Amino acid sequence: MVDYGKEYDVIVVGAGHAGCEAALAAARTGCSTLLLTLGLDAVAQMSCNPAIGGLAKGHLVKEIDALGGEMGRNIDATGIQFRILNTKKGPAVRASRAQADRMRYAARMKTVIEDQQNLDLKQGAVCRLLIDRETVTGVETREGILYRGKSVVLTTGTFMRGLIHVGLNNYPGGRAGEPPSEGLSDHLRDLGLKVGRLKTGTPARLDRNSIDFSALEAQPGDATPRPFSVDTNAITIEQVPCYITWTNQQTHDVIRGGLDRSPLYSGVIEGVGPRYCPSIEDKVVRFPEKDKHQIFLEPEGLDSAEIYPNGVSTSLPPDVQLAFLRTIPGLEKVEIMRPGYAIEYDYVDPSQLLPSLETKTIRNLYHAGQINGTSGYEEAAAQGLIAGANAALRTQGKEPIVVGRDQGYIGVLIDDLVTLGTTEPYRMFTSRAEYRLLLREDNADQRLTGIGRAAGLIDDKRWDEYSAKLEQIDAGGERLRQVRIGPSDRTAISRLGLPELKNGASLEELLRRPEITIADLLFLDDELASLPAGVHEQLEIAVKYAGYIERQKEQVGRFRKTEQIKIPDGFDYTGVASLSSEVREKLVAAQPQTLGQASRIPGVTPAAIAVLSVLLRRQ
């Protein structure tokens with residue numbers, strides 16, 4: 001073994017979406033940081049769909065940006081189609097999504113990492129952690145190098161004991177064309193961590209030149225692309241359409257005919273797959289009543305011929321893949337450039353983590369991303385940012401960042417993982433957030449920028465701009481309350497399409513009317529009209545949803561009361577006779593840190609929480 005001879009504050013293992021955010025966060029707090037990756041040419045790879053955001057995932061990207069992360073800026077610089085989803089629904093469930101130029105996305109992120117002060121990027125495969133008295137002190141690579149570090153963040157993605165399946169053929173791999181990480185998951189198991197097995201998959205990549213786009217429905221992006229990051233003034237990269245097509249009964253017949261050679265249906269795959277993103281063979285078997293399934297043909301880049309057929313993830317043999325694809329309108333002569341595949345990989349049960357994402361049994365060791373059983377770039381990046389920042393804060397002797405369920409989707413994500421664990425790939429949905437009217441995309445900065453600033457992730461320029469925005473929101477609210485139109489303001493009343501106003505009305509009162517938008521009122525006050533569009537949006541939502549927002553704030557107040565009741569480390573549940581043996585067993589296993597967290601553990605009854613509340617208040 002060779003000791004590298006330099007001790008880092010933070011070592012991050014893996015340079016996927018979680019690892020990139022973790023390393024950048026740690027370095028930006030001023031900590032010396034090492035980012036180790038299996039291959040320098042695979043930093044921030046989009047190994048599945050070439051897109052960022054979507055329902056609930058867009059919220060995560062906005063929150064990452066609000067905390068000082070990089071994902072929003074990166075997709076703004078490399079996105080080739082931007083769309084706001086759910087525009088006909090309320091602001092709580094509207095979501096941003098962007099197609100990425102896959103190669104440009106990875107290239108830009110790598111450049112950001114290489115240019116980041118305090119951050120070293122190196123190639124190396126970690127096979128073992130260095131542990132001293134239940135505290136991690138560094139890592140060992142299969143190349144025989146020891147890197148010393150005060151804290152370590154594992155972001156291993158799908159690489160731990162990765163096994164790729166194409167039909168009944170399988171081979172070791174972290175993703176197609178790349179080797180797996182061998183030995184690390186066995187080492188973690190030896191350290192006492194509970195390790196499980198999951199599965200995910202990807203569709204074939206198609207040759208653009210073999211597709212008949214004239215037979216397909218084009219899906220353009222928004223006319224004026226809306227950026228993810230508050231630092232982006234406008235989207236300047238070329239924008240392109242996606243296309244829509246559908247499977248049919250002939251497609252389904254071909255798939256059914258190939259199930260005897262499917263690793264999913266022949267018992268070859270043992271890992272649990274994603275419930276909310278099933279393979280096409282799963283869809284055909286589980287939903288036989290459906291005569292078609294939608295497919296989005298998504299370009300992988302401006303300079304790439306590869307097309308990603310979103311909706312037909314598969315691990316069927318290559319000949320069956322080609323056969324069923326050629327039954328689909330527009331794809332009758334399609335050529336496959338890369339076959340689809342399934343991949344099994346090891347993950348570590350996230351219920352073994354604290355809300356800071358530090359492991360409960362090994363001090364200064366943090367986990368983020370798919371090692372925690374999640375799916376998706378956005379979920380990974382969100383965890384990576386929190387884990388990297390907290391690993392850095394630990395070395396600085398500061399308190400960790402813990403985002404509450406009432407503060408962000410990041411808080412919901414992490415609380416779900418550490419409180420409930422997961423036995424299948426976890427995906428974020430708006431329905432998982434009980435306070436989603438408060439956790440909108442449009443106010444992510446107001447919820448989280450202060451937290452990012454306190455952690456050292458928000459620079460002075462961003463903070464000054466944020467502070468100015470808050471002042472503008474306050475000023476705009478004041479104008480809405482102060483400016484009035486009277487019964488004699490005939491021009492204004494007529495222009496707004498109002499009946500007579502007996503006593504006049506403030507702009508705020510007018511804005512409460514469902515048929516009136518803030519844009520309708522701007523002609524009435526130059527000061528209000530001069531404010532930015534983002535401020536107008538905040539003002540309109542605050543007025544139109546005021547009643548709902550206040551009720552949700554009251555719910556949050558009640559929630560925070562239980563969250564503030566801390567449970568001491570090592571609390572002896574076995575000595576509480578009034579708790580059932582089942583409840584005691586669950587509490588001992590989970591070791592919740594607050595009464596609120598205890599209340600969310602399945603099987604822990606309200607009566608048990610009442611008993612604990614009395615005992616804890618006495619203490």
Side-chain angles (χ1 to χ4, degrees), residues 55-56 58-59 62 66 82-97 222-227 230 406 409 430-431 433-447 466 468-558:
L55 300 179
H59 290 74
K62 295 276 190 175
F82 288 76
R83 295 178 63 219
I84 304 296
L85 310 179
N86 281 348
T87 54
K88 296 181 180 179
K89 296 184 178 181
V93 294
R94 291 174 198 154
S96 303
R97 186 180 189 275
D222 294 339
T224 304
R226 186 168 181 172
V230 297
D406 59 317
Y409 275 77
T430 53
S431 58
E434 55 269 53
Y435 309 118
R436 57 185 172 273
L437 185 54
L438 301 180
L439 309 182
R440 307 183 307 274
E441 275 195 4
D442 61 85
N443 69 353
D445 57 344
Q446 295 172 64
R447 293 184 278 114
Y466 167 68
K469 178 182 176 181
L470 293 186
E471 292 175 2
Q472 290 173 329
I473 291 173
D474 287 342
E478 191 64 25
R479 297 306 295 169
L480 287 175
R481 290 185 289 273
Q482 286 183 352
V483 178
R484 301 180 61 85
I485 64 171
S488 61
D489 293 330
R490 299 292 181 186
T491 302
I493 291 172
S494 173
R495 187 164 171 179
L496 292 171
L498 297 172
E500 290 188 8
L501 293 173
K502 292 182 180 179
N503 300 313
S506 69
L507 298 191
E508 183 179 71
E509 290 169 333
L510 292 172
L511 189 53
R512 290 195 190 114
R513 301 183 177 219
E515 72 276 12
I516 291 179
T517 69
I518 196 165
D520 298 329
L521 303 176
L522 297 183
F523 76 95
L524 293 167
D525 186 66
D526 290 342
E527 188 174 330
L528 183 65
S530 68
L531 296 174
V535 172
H536 291 155
E537 180 183 39
Q538 290 294 292
L539 295 171
E540 182 161 12
I541 291 172
V543 171
K544 288 192 176 295
Y545 293 88
Y548 300 103
I549 290 172
E550 283 306 310
R551 279 198 292 273
Q552 198 137 97
K553 286 181 177 178
E554 291 172 5
Q555 294 171 354
V556 167
R558 292 192 293 271

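Everything numeric here is computed off the predicted structure, so don't read it as measured data. Heavy-atom basis, side chains included; hydrogens, waters and symmetry copies ignored.
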Engineer: Of all heavy-atom pairs between Pro225 and Ala223, which one has the smallest distance, and what is that distance?
Structural biologist: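 For Pro225 versus Ala223, the nearest heavy atoms are CD-O, 3.6 Å.
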Engineer: Take Arg484 and Glu509 through the side chain to side chain contact (heavy atoms under 4.5 Å, CB included) test and state the conclusion after the steps.
Structural biologist: CA-CA 9 Å; Arg484 301 180 61 85; Glu509 290 169 333; 4.0 Å; yes
Engineer: Which residue in the set Leu521, Thr517, Ile516, Val535 passes side chain to side chain contact (heavy atoms under 4.5 Å, CB included) when paired with Glu540?
Structural biologist: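 Option passing the side chain to side chain contact (heavy atoms under 4.5 Å, CB included) with Glu540: Thr517.
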Engineer: Rounded to the nearest 0.5 Å, what's the gap from CG on Leu510 to CG on Leu496? Could you check?
Structural biologist: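 Interatomic distance, Leu510 CG to Leu496 CG, rounded to 0.5 Å: 6.5 Å.
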Engineer: Between His59 (side chain) and Ala92 (backbone), is there a donor-acceptor pair under 3.5 Å?
Structural biologist: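 Confirmed, His59 side chain pairs with Ala92 backbone.
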Engineer: Could you walk me through whether Lys469 and Val230 satisfy the side chain to side chain contact (heavy atoms under 4.5 Å, CB included) test, starting with their C-alpha distance in whole Å, then the side-chain angles of each, then the deciding distance to 0.1 Å, before giving a yes or no?
Structural biologist: CA-CA 11 Å; Lys469 178 182 176 181; Val230 297; 5.6 Å; no
Engineer: Is a side-chain donor-acceptor pair under 3.5 Å present for Asp442 with Gln538?
Structural biologist: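 There is such a pair between these side chains.
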Engineer: So do the side chains of Asp489 and Leu524 get within less than 4.5 Å of each other, counting heavy atoms only?
Structural biologist: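 Contact flag for Asp489/Leu524 side chains = no.
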Engineer: If you count every heavy atom of other residues, nucleotides or ligands that lies below 6.0 Å from Tyr548 atom OH, does the total exceed 12?
Structural biologist: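 It does not: Tyr548 OH has 12 such atoms or fewer within range.
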Engineer: Check residues 551-558 and write down every donor-acceptor pair under 3.5 Å in which the side-chain atom is one partner and the other belongs to a residue at least two apart or another chain.
Structural biologist:
unit_1: Gln552; atom_1: OE1; unit_2: Leu437; atom_2: N; d: 2.9
unit_1: Gln552; atom_1: OE1; unit_2: Leu438; atom_2: N; d: 3.3

Engineer: Quick one: are Arg481 and Glu478 in side-chain contact, heavy atoms under 4.5 Å?
Structural biologist: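 Yes - at least one pair of side-chain heavy atoms lies under 4.5 Å apart.
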Engineer: Can you name the side chain to side chain contact (heavy atoms under 4.5 Å, CB included) partners of Leu55, sequence neighbours left out?
Structural biologist: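 So Leu55 forms a side chain to side chain contact (heavy atoms under 4.5 Å, CB included) with Leu85, Asn86, Ala95.
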Engineer: Has Lys544 got a side-chain atom pairing as donor or acceptor with Leu511's backbone, closer than 3.5 angstrom?
Structural biologist: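 It does hold such a pair.
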Engineer: List the atom of Tyr409, the atom of Leu439, and the distance in Å for their closest heavy-atom pair.
Structural biologist: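 Smallest heavy-atom distance, with atoms named: CE1-O, 3.2 Å.
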Engineer: For Ile84 and Ser96, work out which heavy atoms get closest and say how close.
Structural biologist: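 Of all heavy-atom pairs spanning Ile84 and Ser96, the closest is CD1-OG, 3.4 Å.
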Engineer: Please examine the side chains of Val543 and Ile518, heavy atoms only from C-beta on, and report whether any two atoms are closer than 4.5 Å.
Structural biologist: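 With C-beta onward as the side chain, the pair stays apart.
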Engineer: Please round to the nearest 0.5 Å and tell me the distance separating atom CZ of Arg226 and atom CZ of Arg94.
Structural biologist: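 One gets 9.0 Å once the value is rounded to the nearest 0.5 Å.
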Engineer: Do Arg513 and Leu498 have side-chain heavy atoms sitting under 4.5 Å apart?
Structural biologist: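 Sidechains of Leu498 and Arg513: in contact.
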Engineer: What are the two closest non-hydrogen atoms of Pro91 and Tyr545, and how far apart are they?
Structural biologist: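 Closest pair (atom of Pro91, atom of Tyr545, distance): CD-OH, 3.1 Å.
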Engineer: Counting C-beta onward and ignoring hydrogens, is there a side-chain heavy-atom pair between Thr87 and Asp222 closer than 4.5 Å?
Structural biologist: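 No, too far: nothing below the 4.5 Å cut-off.
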Engineer: Is the shortest side-chain heavy-atom distance between Leu531 and Arg479 below 4.5 Å?
Structural biologist: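 In short, these two side chains do not touch, never coming nearer than 4.5 Å.
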Engineer: Show the nearest heavy-atom pair for residues Gln446 and Ile473, with the distance to one decimal.
Structural biologist: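 Gln446 and Ile473 have their closest heavy atoms at NE2-CD1, 3.7 Å.
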Engineer: Once you round to the nearest 0.5 Å, how far does CD of Gln482 lie from CD of Glu508?
Structural biologist: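 That separation rounds to 11.0 Å.
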Engineer: Does Pro487 have any side chain to side chain contact (heavy atoms under 4.5 Å, CB included) partners at least two apart in sequence or in another chain, and if so, which?
Structural biologist: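 For Pro487 there are no side chain to side chain contact (heavy atoms under 4.5 Å, CB included) partners, ignoring immediate neighbours.
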Engineer: Between Val483 and Leu528, is there a side-chain heavy-atom distance shorter than 4.5 Å?
Structural biologist: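 Not in contact.
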Engineer: Please report the closest heavy-atom contact between Ala444 and Ala66, naming both atoms and the distance.
Structural biologist: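 Looking at all heavy atoms of both residues, the shortest contact is O-CB, 3.4 Å.
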